[in-house]
Amino acid sequence: MRPDLSLPVIYLHKAPVDFRKSINGLAVIVENAMQRSPFSKELYVFTNRNHNRIKILFWEDNGFCLYYKRLEQHRFHWPKLGDNTVTLTGYQLNQLLDGHTVEPHPALHFKSMR
């Protein structure tokens with residue numbers, strides 16, 4: 001049940017959400033906070049405050065699907081707050097689910113080797 005690596009765009013909601021929310025509550029966040037349509041073919045990724053759980057919401061032709069993963073130890077490497085929504089590729093989402101960071105290393109600019 002892993003997301004396909006060829007998915008065009010995945011939207012990650014960076015702010016933690018109340019995980020008592022299910023499909024309807026997450027769909028409202030997609031519409032209001034993310035300014036997107038929950039009925040698109042895109043995936044929407046959420047985490048809880050402790051970053052040890054992930055929910056992924058997506059519309060599949062005639063109904064919503066909700067993917068849920070709970071870590072028994074450790075935390076997901078969640079991007080730092082800034083813009084509330086980040087776009088990911090299928091590869092980056094799978095990296096996140098496997099425990100890797102999805103944030104690129106910052107670019108370094110040098111003028112000399114000294």
Side-chain angles (χ1 to χ4, degrees):
M1 269 192 62
R2 281 300 182 97
D4 189 345
L5 296 181
S6 66
L7 288 168
V9 179
I10 299 159
Y11 293 95
L12 184 139
H13 187 266
K14 287 170 61 173
V17 299
D18 180 351
F19 258 41
R20 292 175 291 182
K21 292 185 186 302
S22 192
I23 290 171
N24 292 345
L26 295 174
V28 168
I29 292 172
V30 169
E31 282 186 333
N32 295 338
M34 300 174 81
Q35 301 292 304
R36 308 286 314 162
S37 170
F39 302 104
S40 66
K41 295 284 185 182
E42 300 157 339
L43 275 67
Y44 301 96
V45 183
F46 305 90
T47 189
N48 63 338
R49 185 175 306 157
N50 292 327
H51 301 298
N52 64 347
R53 297 170 189 200
I54 282 183
K55 285 186 179 181
I56 302 173
L57 178 71
F58 60 99
W59 177 259
E60 186 179 63
D61 297 327
N62 56 4
F64 282 106
C65 296
L66 187 63
Y67 175 87
Y68 180 75
K69 182 170 183 175
R70 180 184 75 190
L71 295 178
E72 297 303 322
Q73 295 180 359
H74 309 293
R75 295 175 181 219
F76 292 105
H77 296 279
W78 209 251
K80 299 199 180 3
L81 290 176
D83 290 337
N84 202 27
T85 305
V86 171
T87 58
L88 301 176
T89 64
Y91 175 77
Q92 289 173 313
L93 177 57
N94 279 294
Q95 288 289 100
L96 178 69
L97 292 171
D98 287 339
H100 306 288
T101 182
V102 296
E103 290 183 331
H105 293 279
L108 300 175
H109 303 282
F110 298 103
K111 294 183 185 210
S112 173
M113 288 299 293
R114 291 189 251 163

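Just so it is clear, the structure is predicted and the values come from calculations on it, not from any experiment.
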Yes or no on side chain to side chain contact (heavy atoms under 4.5 Å, CB included) for L97 and Y67, after CA distance, side-chain angles and deciding distance?
CA-CA 11 Å; L97 292 171; Y67 175 87; 4.2 Å; yes

Same cluster or not: are V28 and F39 linked, directly or through other Ile, Leu, Val, Met, Phe, Trp or Tyr residues, by side-chain heavy atoms under 4.5 angstrom apart?
no

Could you tell me which non-hydrogen atom of F19 sits nearest to which non-hydrogen atom of T47, and how far apart they are?
CE1-C, 3.3 Å

Contact summary for Y44 and S37, nearest pair of heavy atoms
OH-O, 2.9 Å

Just verifying a value: how many Å separate F76 CZ and D98 CG, rounded to the nearest 0.5 Å?
9.5 Å

Intermediate values then yes/no, side-chain hydrogen bond (donor to acceptor under 3.5 Å, both in side chains), N52 and N48:
CA-CA 7 Å; N52 64 347; N48 63 338; 2.7 Å; yes

Inter-residue atom distance I23.CD1 - K55.NZ, 0.5 Å rounding
9.0 Å

Nearest 0.5 angstrom please: K69 NZ to I56 CD1, how far?
9.5 Å

Pairwise distance CD1(I10) to CD(Q92) - rounded to 0.5 angstrom
8.0 Å

Spacing of CH2 belonging to W59 relative to CD belonging to E42, to within rounding of 0.5 Å
14.5 Å

Considering all heavy atoms, the nearest P38-R36 contact
CD-O, 3.6 Å

Trace of the side chain to side chain contact (heavy atoms under 4.5 Å, CB included) decision for V86 with Y11
CA-CA 6 Å; V86 171; Y11 293 95; over 6 Å; no

Counting only heavy atoms not in N24 (residues, nucleotides, ligands), do more than 12 fall under 6.0 Å from its CG?
no

When rounded to the nearest 0.5 angstrom, what distance separates CZ in F46 from CH2 in W78?
9.0 Å

Is there a path from V9 to F64 through hydrophobic residues (I, L, V, M, F, W, Y) whose side chains come within less than 4.5 Å of each other?
yes

Please walk me through it: do L57 and I29 pass side chain to side chain contact (heavy atoms under 4.5 Å, CB included)?
CA-CA 11 Å; L57 178 71; I29 292 172; over 6 Å; no

